[in-house]
Amino acid sequence: MKNEACKTCQNLECIIKRNSYGEGIEDYLAQKHTIQCKKGQQFILEGAPVHGLYFVYNGKVKVAKTGFQGREQIVRFAKDGEIIGHRGFGIGQSYQINAVALEDTVLCNFTNDVLQDMLHKLPNLTYDFMMFYADELNRSETKVRKFAQMTVREKVIDAFLYIYRKFGQSNDYLNIQLSRKEIADFAGTTDEQVIRVISSLKKENLLRASGKRLGIIDLDMLRKEISEHNFFIDS
């Protein structure tokens with residue numbers, strides 16, 4: 001499909017977009033590939049050779065890793081302007097995660113060679129990437145502490161708050177539909193435990209549910225319940 005132009009892109013938080021007016025970047029932008037994925041399509045396979053970085057132009061993506069006994073562990077979700085595949089870039093020959101489109105999604109891709117050349121030639125872009133990786137390290141360390149200290153209920157509530165921060169809510173429901181299994185795979189628990197916590201939160205009038213659709217009723221009360229952990233970041 002036709003490449004989406006970085007300079008007219010509305011994803012102002014995208015690292016490439018922020019640097020698209022810098023001197024010397026035009027030739028690199030012309031080498032970008034635009035990829036369209038259907039809902040449910042996997043575009044990164046865990047263990048596959050690294051083919052650069054992906055940037056979400058439009059859509060929603062889940063990023064996961066194979067865990068204990070082959071169980072999938074969702075490590076994060078990605079939306080417009082965010083990077084996918086960055087943990088494999090520059091340190092190995094294969095991706096350590098898999099990525100699946102949760103809805104019809106458009107991706108921008110820069111190959112390894114193009115990105116490495118960009119980072120050698122464009123200091124402002126290199127600095128932005130350095131700050132991005134530093135922030136990612138902080139999020140990862142925080143998530144490790146969270147999994148060690150939180151109860152099952154707190155993990156599920158934390159997952160709902162993360163999803164709310166990431167995608168927002170409109171018409172009383174979160175702007176993404178996830179299965180109970182996907183929520184469990186992200187929260188680090190089981191489907192059954194997620195179902196029990198959702199049922200409890202509904203009875204307490206903190207959450208509403210209709211099929212896969214979930215909506216937060218009392219955001220402040222949910223935040224208060226896990227406030228002692230101080231995990232209000234997009235880990």
Side-chain angles (χ1 to χ4, degrees), residues 1-20 28-67 70-90 92-116 118 129 132 136 139 159 162-170 173-186 211-214 234:
M1 63 179 292
K2 182 180 177 181
N3 276 354
E4 303 291 350
C6 290
K7 288 188 175 181
T8 58
C9 175
Q10 299 301 307
N11 295 322
L12 302 181
E13 296 303 313
C14 174
I15 288 179
I16 302 298
K17 165 65 179 181
R18 290 203 305 262
N19 290 274
S20 62
Y28 296 114
L29 297 182
Q31 298 179 67
K32 181 187 72 175
H33 301 285
T34 300
I35 302 164
Q36 188 152 13
C37 295
K38 294 294 185 181
K39 179 180 179 180
Q41 182 177 342
Q42 186 173 42
F43 60 91
I44 293 180
L45 179 66
E46 189 172 353
V50 174
H51 293 296
L53 297 184
Y54 295 86
F55 300 80
V56 182
Y57 177 79
N58 179 261
K60 298 180 179 71
V61 172
K62 72 173 178 179
V63 180
K65 188 174 179 65
T66 303
R71 174 167 178 167
E72 181 178 80
Q73 174 67 57
I74 297 177
V75 296
R76 68 188 182 97
F77 296 98
K79 62 178 181 179
D80 300 0
E82 296 188 340
I83 305 174
I84 301 169
H86 51 280
R87 295 190 179 182
F89 175 69
Q93 300 299 313
S94 61
Y95 289 112
Q96 301 302 303
I97 51 90
N98 65 73
V100 177
L102 291 171
E103 62 183 31
D104 290 351
T105 299
V106 178
L107 302 162
C108 300
N109 171 261
F110 288 88
T111 65
N112 297 339
D113 291 342
V114 171
L115 277 168
Q116 288 172 0
M118 290 170 76
F129 265 101
F132 167 76
E136 279 291 296
R139 296 172 194 273
Y162 166 88
I163 293 165
Y164 175 85
R165 291 192 303 271
K166 176 74 71 171
F167 299 108
Q169 180 169 293
S170 57
Y173 289 95
L174 295 167
N175 294 324
I176 185 172
Q177 293 185 36
L178 299 171
S179 68
R180 304 302 189 255
K181 182 180 185 306
E182 287 171 326
I183 296 170
D185 289 343
F186 179 70
K212 283 188 178 182
R213 302 179 69 199
L214 295 169
D234 284 337

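The side-chain heavy atoms of Phe129 and Ile83, taken from C-beta on, include a pair separated by under 4.5 Å. For the pair Thr105/Phe43, no side-chain contact is recorded, criterion being any heavy-atom separation below 4.5 Å from C-beta on. Looking only at side-chain heavy atoms (C-beta outward), Ile183 and Leu214 come within less than 4.5 Å of each other. Put simply, the side chain of Leu102 reaches to within 4.5 Å of the side chain of Phe77, judged on heavy atoms. The shortest distance between side-chain heavy atoms of Arg76 and Arg139 does not fall below 4.5 Å. Tyr57 places none of its side-chain heavy atoms less than 4.5 Å from the side chain of Thr34.
Listed here is the closest heavy atom pair of Val61 and Ala99: CG1-CB, 4.1 Å. For the residue pair Gln36 and Gln41, the shortest heavy atom distance occurs at O-OE1, 4.2 Å. Here the shortest heavy-atom pairing between Thr66 and Glu46 reads OG1-OE1, 2.8 Å. Of all heavy-atom pairs between Val50 and Tyr95, the closest is CA-CE1, 3.5 Å. Of all the heavy atoms in Arg180 and Lys212, the pair that sits closest is NH1-CA, 4.0 Å. Closest approach of Glu182 and Ile74 over heavy atoms only: O-CD1, 3.4 Å.
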Problem set entry | Residues Asp104, Lys38; criterion side chain to side chain contact (heavy atoms under 4.5 Å, CB included); working and verdict | CA-CA 4 Å; Asp104 290 351; Lys38 294 294 185 181; 3.9 Å; yes
For this session: Any chance you could lay out the side chain to side chain contact (heavy atoms under 4.5 Å, CB included) test for Glu13 and Asp80, step after step, and finish with the verdict?
Result: CA-CA 9 Å; Glu13 296 303 313; Asp80 300 0; over 6 Å; no
For this session: Go through the steps to decide whether Leu107 and Val56 satisfy the test side chain to side chain contact (heavy atoms under 4.5 Å, CB included), and finish with yes or no.
Result: CA-CA 5 Å; Leu107 302 162; Val56 182; 4.1 Å; yes
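Remark: the backbone N or O of Gly52 is paired with a side-chain donor or acceptor of Asn112 at under 3.5 angstrom. Judged by distance alone, with hydrogens and angles left aside, the side-chain atoms of Gln31 form no donor-acceptor pair with the main-chain N or O of Val114 at under 3.5 Å. Side-chain atoms of Asn109 come within 3.5 Å of backbone N or O of Leu53 as a donor-acceptor pair. Formation of a donor-acceptor pair under 3.5 Å by the Glu103 side chain with backbone atoms of Lys39 is not found in this model. Gln10 contributes a side-chain N or O that, together with a main-chain N or O of Thr8, makes up a donor-acceptor pair within less than 3.5 Å.
Note that NZ of Lys62 and CD1 of Ile97 are 12.5 Å apart. Values are rounded to the nearest 0.5 Å. A distance of 11.0 Å separates NZ of Lys79 from CD1 of Ile176, quoted to the nearest 0.5 Å. Considering CE of Met118 and OG1 of Thr111, their distance stands at 10.0 Å, rounded to 0.5 Å. Rounded to the nearest 0.5 Å, atoms CG (Asp113) and CD (Gln116) are 6.0 Å apart. Taking CG of Asn98 as the reference point, atom CD1 of Ile44 lies at 8.5 Å (rounded to 0.5 Å). Lys181 NZ to Glu72 CD: the interatomic distance, rounded to the nearest 0.5 Å, is 5.5 Å.
A side-chain contact (heavy atoms from CB on, under 4.5 Å) with Phe55 holds for exactly one of Cys14, Cys6, Cys9; it is Cys14.
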